[in-house]
Participant: 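My structure is below; once you've seen it, I'll send some questions.
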Amino acid sequence: SIASEVELVSKIKVVLGGKMNNPSISSSSAEDLLEGGCYHRLSHMSPFTGTKMTFGLFVPTSYGSHPLSSSSSAKKQSMPVLFWLSGLTCDDTNFATKAGSKAFEAAERQSIAIVMPDTSPRNDESIPDVDSYDLGIGAGFYIDATKAPYDKHYQMYSYINTELSALLSNVFQIGANGLASISGHSMGGHGALTIALRNPSSYVSVSAFAPICNPTTCPWGQKVFNAYLKEPSDGNQYDATLLLSIMTSSNNTQLYDDIWIEQGLSDQFLKEQLLPSKFIEAANQSGQKVTLREREGFDHSYHFVAAFISQHVDFHAQRLHKHKQQQRQEQEQSSSSSSLTSSPGKSITCKAMVARGPKQPLTLEVITVQPPQTNEVRVKVLANALCHTDVYTLDGHDPEGLFPCILGHEAGCIVESVGPNVTSVQPGDHVIPCYTPQCCEASCIFCQSPKTNLCPKIRGTQGRGVMPDGTVRFLDSNGKPIYHFMGCSTMAEYTVLAEISCAKIRKEAQLEKACLFGCGVSTGLGAVWNTCNVEVHSTVAVFGLGAVGLAVIQGAKISGASKIIAIDVNPKKFPAALEQGATHTVDPTALPNPNQTIQQHIAGTLTQWGVDYSFDCTGNTNVMRSALECAHRGWGTSCIIGVAASGHEISTRPFQLVTGRVWKGTAFGGFKSRRDVPILVNKYLDGQLPIDHYITHTFNGVEKTNEAIDALHGGDCLRAVVRY
């Protein structure tokens with residue numbers, strides 16, 4: 001059994017950059033929200049220890065709201081977690097206060113949680129209070145005691161490995177499905193090694209700082225084992241060195257791809273208590289890879305832990321995310337193999353949401369999808385993300401909008417069949433449809449130029465809603481043609497694409513997440529990295545805080561921008577902007593000086609001469625002018641990303657350009673689609689480019705697309721993903 005009730009003891013907002021705000025302590029029930037980007041202290045009554053236990057829990061901003069909240073429970077997915085076990089005399093707070101700033105910053109960057117349990121039961125009159133730092137309270141040693149009086153409460157091995165793991169998974173959806181790693185310091189390092197070696201299927205990776213490696217032969221371990229265990233030999237199961245030699249010597253099989261041991265060479269306990277050399281010897285004999293990272297001048301203190309903890313968080317995060325992607329790939333392949341209709345050369349009937357006319361709800365219809373022709377690919381759409389461009393066309397603002405059509409252009413798909421001459425993909429491949437194609441032909445001056453990504457190979461037919469041969473692949477139930485949209489048309493269970501519009505990605509990428517790279521996220525990132533090439537220490541202003549605007553902020557933060565000003569008329573969007581790296585937020589309708597324009601406020605109040613780079617992500621031509629005119633005199637660049645309604649024109653005084661400002665625009669962020677989208681997906685898979693936080697709403701079934709459109713209109717939606 002696990003605790004049925006969890007109480008929030010305190011919550012501290014973590015400020016990126018290595019600081020935490022002062023704690024605001026308030027007793028509360030579990031129904032209160034866990035806040036992303038916060039360190040929490042939580043308590044619960046433990047059936048294993050028979051006492052109230054308190055643990056720390058950091059969750060990154062990508063975690064979002066508490067999964068117990070009815071409004072978000074359907075959206076939560078398991079988040080990877082790193083267990084941190086502290087050393088002698090510590091409680092659940094020591095790590096957070098002494099090394100948390102470094103650890104939490106790394107965990108935020110890597111989108112993993114960190115849980116920090118107490119080191120022993122406490123705060124109960126029946127718990128023995130021994131006048132010794134290495135026995136009793138604060139010295140649970142992560143074992144299950146069998147000798148009185150400790151056997152009643154000191155069940156720390158089972159508490160960590162069984163109860164706390166289940167609590168995190170069941171209550172918070174953290175660490176579920178084996179997405180857990182473990183580390184610790186000193187006694188906690190001993191606990192981490194012991195628990196991981198005894199439970200290799202429960203932990204993805206393990207590391208330790210100055211661990212007690214061979215406790216059956218050192219004074220600390222012998223004292224504790226004699227006090228806590230009935231039989232001296234019972235200590236063998238809690239000795240990492242003995243466990244390693246016993247568990248792997250028979251078959252020379254590695255339990256983990258690597259085990260990191262961080263050890264300060266000025267540690268006063270190194271030779272008598274810690275004994276890492278014995279652990280290394282056992283590893284060499286058994287075949288288990290162990291990396292001993294020896295550090296000159298470092299002792300046993302938390303200063304040592306703080307100096308290298310971010311590297312350990314990265315070590316675990318890389319393995320956790322890889323394991324998560326492998327799980328997704330297995331699930332997705334199993335699902336897709338059972339549902340994929342393969343009818344090469346034949347027509348397929350499927351469900352689709354058809355746009356019959358502007359300003360009308362989409363209609364659910366059964367359509368016929370004809371087989372792919374020369375240089376074409378037919379795909380099964382597994383997930384489609386709603387983009388404002390879809391709504392822009394549906395609302396009648398797109399001059400190229402044709403009806404009836406099938407909208408959608410930000411999707412994740414599996415190749416069902418290919419037409420003649422297709423060589424770059426084959427059935428079963430995972431692809432992202434790209435509305436900006438890349439023909440890669442030697443004769444295409446656009447594809448061969450590093451200056452642009454605007455391949456015109458099929459632009460003419462794509463704008464007319466047809467395939468490159470001038471015909472369509474969609475027929476309604478009456479046999480009448482349905483137009484294509486942006487060369488993608490992914491609001492259907494199957495669609496046909498030009499081969500040059502298919503970006504092939506790794507199969508371990510979950511398509512309901514990777515689909516975001518088909519438009520908005522890539523556009524925002526690329527505007528920063530490609531179109532403007534924002535440098536370190538640059539100043540940036542971002543107008544419009546939808547998904548594209550937040551991607552601009554994320555890209556600017558990664559590029560090292562020193563000041564990022566986020567502008568929007570909806571202040572509810574400011575927390576998300578700050579979480580992605582914005583340093584300032586501005587509501588242009590509520591300026592301190594009502595006589596100033598927003599450009600005057602930025603280029604005059606927030607900065608002296610303006611920002612180095614500004615980005616319009618609104619599609620509003622008045623905002624585009626404001627973005628230009630807050631750019632730095634002499635060299636400022638303003639980039640237009642948002643698409644304006646048909647017939648609208650931009651304007652400014654020519655003097656704005658004469659005095660050195662540059663006005664430019666971007667399409668798909670300047671990324672060459674077939675080359676660069678797979679690279680972005682790889683960065684996501686490697687944990688370098690988190691994107692999960694963009695998905696605020698999910699729906700199941702193509703028929704739910706109208707609900708997704710309503711969510712997008714609601715104002716609090718970044719990306720709504722519809723899973724087919």
Side-chain angles (χ1 to χ4, degrees), residues 325-352 366-385 406 408-435 437-440 457-458 462 467-469 471-475 484-515 517-518 673-675 677-682 685 702 722-724:
Q325 296 300 335
Q326 289 172 341
Q327 289 181 340
R328 288 172 172 173
Q329 181 184 10
E330 292 171 359
Q331 294 170 358
E332 201 166 76
Q333 288 177 337
S334 175
S335 174
S336 62
S337 62
S338 62
S339 62
L340 184 65
T341 298
S342 182
S343 303
K346 299 179 181 179
S347 294
I348 290 176
T349 58
C350 69
K351 291 186 291 185
V366 175
I367 65 166
T368 297
V369 183
Q370 296 176 330
Q373 301 303 304
T374 302
N375 298 321
E376 294 178 2
V377 178
R378 187 164 62 187
V379 298
K380 177 177 175 60
V381 183
L382 292 194
N384 182 74
I406 296 173
H409 63 285
E410 194 171 294
C413 310
I414 299 178
V415 175
E416 178 268 340
S417 60
V418 299
N421 297 340
V422 172
T423 59
S424 63
V425 295
Q426 60 185 359
D429 283 344
H430 290 198
V431 298
I432 302 298
C434 296
Y435 68 90
Q438 183 186 5
C439 72
C440 302
K457 180 75 174 180
I458 59 174
Q462 184 170 304
M467 295 301 290
D469 67 355
T471 63
V472 300
R473 301 291 169 265
F474 302 129
L475 301 175
H484 295 253
F485 175 70
M486 295 179 70
C488 298
S489 293
T490 52
M491 291 185 185
E493 293 177 322
Y494 286 85
T495 190
V496 178
L497 311 167
E499 179 186 11
I500 63 174
S501 299
C502 296
K504 179 181 174 181
I505 64 171
R506 286 160 56 184
K507 290 184 177 180
E508 57 262 43
Q510 189 178 20
L511 290 174
E512 67 183 74
K513 302 293 179 62
C515 67
F517 289 116
S673 55
R674 297 165 74 195
R675 181 194 70 185
V677 168
I679 295 174
L680 293 172
V681 172
N682 289 345
L685 291 175
V702 67
V722 183
R723 297 177 293 214
Y724 297 170

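Starting from 1, each residue takes its place in the sequence as its number.
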Participant: Would you please test Val677 and Cys434 for side-chain contact (heavy atoms from CB on, under 4.5 Å) and show each step?
Facilitator: CA-CA 9 Å; Val677 168; Cys434 296; 4.0 Å; yes

Participant: For the backbone of Thr490 and the side chain of Thr495, can you confirm whether one donor and one acceptor N or O come within less than 3.5 Å of each other?
Facilitator: no

Participant: If we only count heavy atoms from C-beta on, is the Leu685 to Arg506 side-chain gap below 4.5 Å?
Facilitator: yes

Participant: Is there a side-chain contact (heavy atoms from CB on, under 4.5 Å) between Val379 and Ile414? Walk through the geometry before answering.
Facilitator: CA-CA 5 Å; Val379 298; Ile414 299 178; over 6 Å; no

Participant: Considering non-hydrogen atoms only, spot the tightest contact between Val681 and Ala514 and give its length.
Facilitator: CG2-CB, 4.5 Å

Participant: Check whether any side-chain heavy atom of Tyr494 sits under 4.5 Å from a side-chain heavy atom of Val381, and report yes or no.
Facilitator: no

Participant: Can you sort out the partners of Glu493 under salt bridge (Lys or Arg N to Asp or Glu O under 4.0 Å), two or more places apart, ordered by chain and number?
Facilitator: none

Participant: Without placing hydrogens or testing angles, list every side-chain donor-acceptor pair under 3.5 Å for residues 419-426, not counting sequence neighbours.
Facilitator:
{"from": "Ser424", "atom 1": "OG", "to": "Glu499", "atom 2": "OE2", "distance (Å)": "2.7"}
{"from": "Ser424", "atom 1": "OG", "to": "Arg674", "atom 2": "NH2", "distance (Å)": "3.3"}

Participant: Please find the pair of heavy atoms, one from Ala352 and one from Ile406, that lie closest to each other, and give the distance.
Facilitator: CB-CD1, 4.1 Å

Participant: Which atom pair, heavy atoms only, marks the closest approach of Thr368 to Ser347?
Facilitator: CG2-CB, 3.7 Å

Participant: I'd like to check the side-chain contact (heavy atoms from CB on, under 4.5 Å) partners of Pro678; sequence neighbours left out, ordered by chain and number.
Facilitator: Ala503

Participant: Given the rule in the side-chain contact (heavy atoms from CB on, under 4.5 Å) test, do Ile367 and Leu475 qualify, once you have shown the distances and angles that lead to the verdict?
Facilitator: CA-CA 6 Å; Ile367 65 166; Leu475 301 175; over 6 Å; no

Participant: So does Tyr435 get a backbone contact from the side chain of Ser501, meaning a donor-acceptor N/O pair under 3.5 Å?
Facilitator: no

Participant: Using the rule side chain to side chain contact (heavy atoms under 4.5 Å, CB included), only one of Leu497, Ile458, Val472, Val496 pairs with Met467; which is it?
Facilitator: Val496

Participant: So Met491 and Tyr724, side-chain contact (heavy atoms from CB on, under 4.5 Å) or not? Walk me through it.
Facilitator: CA-CA 9 Å; Met491 291 185 185; Tyr724 297 170; 4.2 Å; yes

Participant: Closer than 3.5 angstrom, by distance alone: can the side chain of Glu410 be matched with the main-chain N or O of Gly408 as a donor-acceptor pair?
Facilitator: no

Participant: I need the single residue from Glu376, Gln373, Gln370 that forms a side-chain hydrogen bond (donor to acceptor under 3.5 Å, both in side chains) with Arg473. Which is it?
Facilitator: Glu376

Participant: Can you tell me how far CD1 of Ile432 sits from OG of Ser673, rounded to the nearest 0.5 angstrom?
Facilitator: 11.5 Å

Participant: Whether Arg378 and Glu416 form a salt bridge (side-chain N of Lys/Arg under 4.0 Å from carboxylate O of Asp/Glu) is what I want to check.
Facilitator: yes

Participant: If you define the side chain from C-beta out and look only at heavy atoms, does anything of Val369 sit under 4.5 Å from Phe474?
Facilitator: yes

Participant: For the residue pair Val418 and Pro427, what are the closest heavy atoms and their distance?
Facilitator: CG1-CD, 4.3 Å

Participant: Would you confirm whether Glu512, through its side chain, and Leu382, through its main-chain N or O, come within 3.5 Å as a donor-acceptor pair?
Facilitator: no

Participant: Between Ala411 and Asn384, what is the shortest heavy-atom contact and its length?
Facilitator: CB-OD1, 3.8 Å

Participant: Answer yes or no: is there a side-chain heavy-atom contact under 4.5 Å between Lys507 and His430?
Facilitator: yes

